[in-house]
Structures are given as C-alpha cells and as structure tokens.
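Input: a single structure, listed below in structure tokens.
We number each residue from 1, following the sequence as shown.
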Amino acid sequence: LDVGSSTSTAVAVDGPGHLGDAVTVVRSTALSVTPDREPALAAPGTVDTTALTGFAGRVGDPVALVTEDGRSYTGDELYATSLDCLVREARAAGADDADAIVVTYPTSWPEYTVDRLRNAAARHGLTDVTFVPDALAATAWMQQSPDAVADGVVLVADLGASALTVSVVRTGADSAILGRGARSEDVSGAHIDQVVLAYVLDNVDSSSLDPFDPATVEALTTLRTHCATAKE
C-alpha cells in the first residue's frame with residue numbers, strides 16, 4: 001500500500017516472481033468522509049471539491065484538517081483511513097483477507113512520524129503490518145524485475161507530486177538505505193503540472209474568461225487534471 005501526495009496505490013501480488021500477475025488499484029489521494037457512508041478514495045481524474053486532500057504530508061501535524069461542515073480530522077487519521085480504504089479495495093479486487101500487508105512511507109520521514117502512522121493504522125485494525133521506506137520498496141521491486149542489477153549500490157530518485165527525494169540504497173539480501181537522502185520541494189510533479197497548464201493557457205485565447213465565474217473555475221480545475229494526465 002502507498003499513500004502519496006496525489007495518488008494512492010494498492011498492489012496485490014502472489015509472492016516474488018509473480019509481479020506480472022499483480023492486481024493494482026489506483027486512486028486519487030482525495031478522501032470522502034461524509035457521515036452517511038463509508039470513507040472512500042476518489043477515482044483518478046475525478047474532481048470532488050468536498051473531498052479532503054493534502055493530508056499525506058500531515059502525519060504528526062497537530063493542526064487538524066476541517067471539512068466544509070465543520071468536522072475535523074488529523075493527518076494521522078486520514079492517512080490511516082486511506083490505508084483502510086486501499087485494503088478494502090484490494091480485497092474487492094481479489095486480494096485474500098489473510099495476505100500480508102506492507103505499507104510504504106516517504107524515505108525522508110523520521111521514526112517519530114512512522115510511529116504516529118503505525119499507531120493510527122492500529123486504531124483502524126491494521127495491526128499486522130510491515131512499514132517500509134519507499135526507496136527500499138522500489139529497490140525490492142527492481143531486484144525482482146527482468147532489469148535487476150547485481151548486488152551493489154543504486155541511486156533511487158522519487159519524483160513525487162510534492163517533492164523530489166533522492167536516496168542511496170545498498171541492494172542484495174541486506175538491502176539498506178545508506179546515509180541520509182536529499183529532498184527538494186523545488187522540483188515536483190505539481191510544478192511540472194503548472195508548467196504544462198501555463199503552456200496550454202499561453203496558446204489559447206483566454207482574454208474573455210472571467211476568473212471569478214464559477215464555470216471558469218470548474219473548467220480550469222478540469223483542465224489542470226487533464227494537464228496532470230498528459231504529464232503522466
């Protein structure tokens with residue numbers, strides 16, 4: 001399971017060597033928490049202005065996120081709820097209830113943040129879970145792929161929606177992160193989205209658009225989503 005800044009993913013795989021048969025569930029990291037139904041992550045490309053977003057980087061943050069009707073949730077709770085949603089969707093897609101659960105988290109997170117996530121997940125019934133830095137998870141996948149490298153040292157670059165993280169990882173049976181990685185918010189998927197959006201707007205006649213018209217706001221939101229899809 002992986003909850004990213006913009007995209008959340010569940011992958012169900014029947015052991016090493018079976019990556020080609022993996023069942024993958026991809027959702028937007030936009031969580032609907034209406035009181036009258038079960039929490040759910042949004043389908044990719046959908047726009048729901050009432051869904052809560054921006055919580056993936058708020059684990060351990062004491063400031064709560066507030067819904068339009070005044071309900072408040074911590075980043076810990078929303079992240080753990082997203083994990084629970086991914087488990088339910090993976091099982092609906094064919095994963096077995098007895099399958100082991102592995103949760104990846106940003107390599108740059110300190111142990112305090114990981115402990116907060118572990119405790120929040122336990123409150124949602126996710127107790128038998130292995131937590132792994134995403135750089136190690138990426139390396140484990142690479143070592144099972146046809147392009148696997150010999151045991152040694154590799155550089156793992158993770159260009160996420162909110163930042164670029166670079167880590168040095170030792171491969172092999174005793175795979176581990178070496179030293180401290182580097183993280184920069186000066187380069188990110190969101191910045192690339194903005195560049196693509198600006199390019200589109202520079203090449204169309206937008207002089208007649210009223211930026212305060214709700215229809216314009218909705219159209220620009222849809223356009224921004226399409227630009228992100230084009231980038232991917």
Side-chain angles (χ1 to χ4, degrees), residues 1-11 24-34 37 39-59 61 63-75 78-79 81-83 85-86 89 104-109 134-135 138 155-167 181-232:
L1 310 177
D2 179 78
V3 176
S5 298
S6 65
T7 304
S8 295
T9 309
V11 178
T24 304
V25 175
V26 179
R27 295 289 180 264
S28 295
T29 308
L31 189 62
S32 174
V33 287
T34 53
R37 59 182 178 178
L41 290 165
T46 59
V47 178
D48 181 359
T49 57
T50 65
L52 290 172
T53 59
F55 55 82
R58 299 279 295 273
V59 176
D61 190 333
V63 180
L65 288 86
V66 183
T67 63
E68 292 181 345
D69 59 1
R71 288 172 290 118
S72 62
Y73 299 89
T74 64
L78 294 173
Y79 201 114
T81 300
S82 297
L83 292 176
C85 290
L86 289 174
E89 297 223 30
T104 67
Y105 61 85
T107 304
S108 59
W109 274 13
D134 49 18
L155 193 70
V156 179
D158 177 11
L159 180 60
S162 60
L164 170 67
T165 304
V166 180
S167 308
R183 174 182 168 86
S184 172
E185 296 183 358
D186 294 334
V187 181
S188 70
H191 290 152
I192 298 175
D193 293 344
Q194 293 170 7
V195 171
V196 176
L197 177 62
Y199 176 82
V200 172
L201 293 177
D202 286 344
N203 285 274
V204 298
D205 181 12
S206 57
S207 59
S208 61
L209 294 178
D210 177 3
F212 300 104
D213 184 347
T216 300
V217 173
E218 182 178 356
L220 288 175
T221 299
T222 302
L223 176 59
R224 187 175 288 107
T225 300
H226 289 169
C227 287
T229 301
K231 171 204 65 179
E232 292 168 5

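Considering all non-hydrogen atoms of both residues, Cys227 and Val200 come closest at SG-CG2, 4.1 Å. Across Tyr79 and Pro106, no two heavy atoms sit closer than the pair OH-CD, 4.3 Å. Closest approach of Thr29 to Phe55, counting heavy atoms only: CG2-CZ, 3.6 Å. In plain terms, the two heavy atoms of Thr9 and Thr7 that are nearest each other are OG1-CG2, 4.1 Å. Minimum interatomic distance between Ser8 and Leu86 (heavy atoms only, all atoms of both residues): CB-CD1, 4.0 Å. Between Leu41 and Arg27, the shortest heavy-atom distance links the atoms CB-CB, 3.7 Å.
For the pair Thr216 (side chain) and Phe212 (backbone), a donor-acceptor distance under 3.5 Å is absent. In this structure a side-chain-to-backbone donor-acceptor pair under 3.5 Å is present from Asn203 to Tyr199. Under a 3.5 Å cut-off, the side chain of Ser32 and the backbone N or O of Ala51 do not form any donor-acceptor pair.
Annotation: the span from Arg58 atom CZ to Leu52 atom CG amounts to 10.5 Å, rounded to 0.5 Å. How far CG of Leu1 is from CD of Glu89: 11.5 Å, rounded to the nearest 0.5 Å. With rounding to the nearest 0.5 Å, the separation of CZ in Arg183 from OG in Ser162 is 5.0 Å. Residue Leu159 holds its CG atom at 5.0 Å from CD1 of Ile192, rounded to the nearest 0.5 Å. Of the inter-residue distances, the one linking Lys231 atom NZ with His191 atom NE2 reads 11.0 Å to the nearest 0.5 angstrom. Interatomic distance, Thr74 OG1 to Asp61 CG, rounded to the nearest 0.5 Å: 9.5 Å.
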TODO: Evaluate side chain to side chain contact (heavy atoms under 4.5 Å, CB included) for Leu201 paired with Leu220, printing each intermediate quantity in order.
DONE: CA-CA 10 Å; Leu201 293 177; Leu220 288 175; 4.2 Å; yes
- [ ] Using the side chain to side chain contact (heavy atoms under 4.5 Å, CB included) rule, take Leu65 and Leu78 through it: C-alpha gap first, then chi angles, then the decisive distance, then the call.
- [x] CA-CA 9 Å; Leu65 288 86; Leu78 294 173; 4.2 Å; yes
- [ ] Begin with the C-alpha distance, continue with both residues' side-chain angles, and end with the deciding distance and a verdict on side chain to side chain contact (heavy atoms under 4.5 Å, CB included) for Tyr73 and Leu31.
- [x] CA-CA 11 Å; Tyr73 299 89; Leu31 189 62; over 6 Å; no
TODO: With side chain to side chain contact (heavy atoms under 4.5 Å, CB included) as the test, would you mind laying out the steps for Leu83 and Val3 before giving the verdict?
DONE: CA-CA 7 Å; Leu83 292 176; Val3 176; 3.7 Å; yes
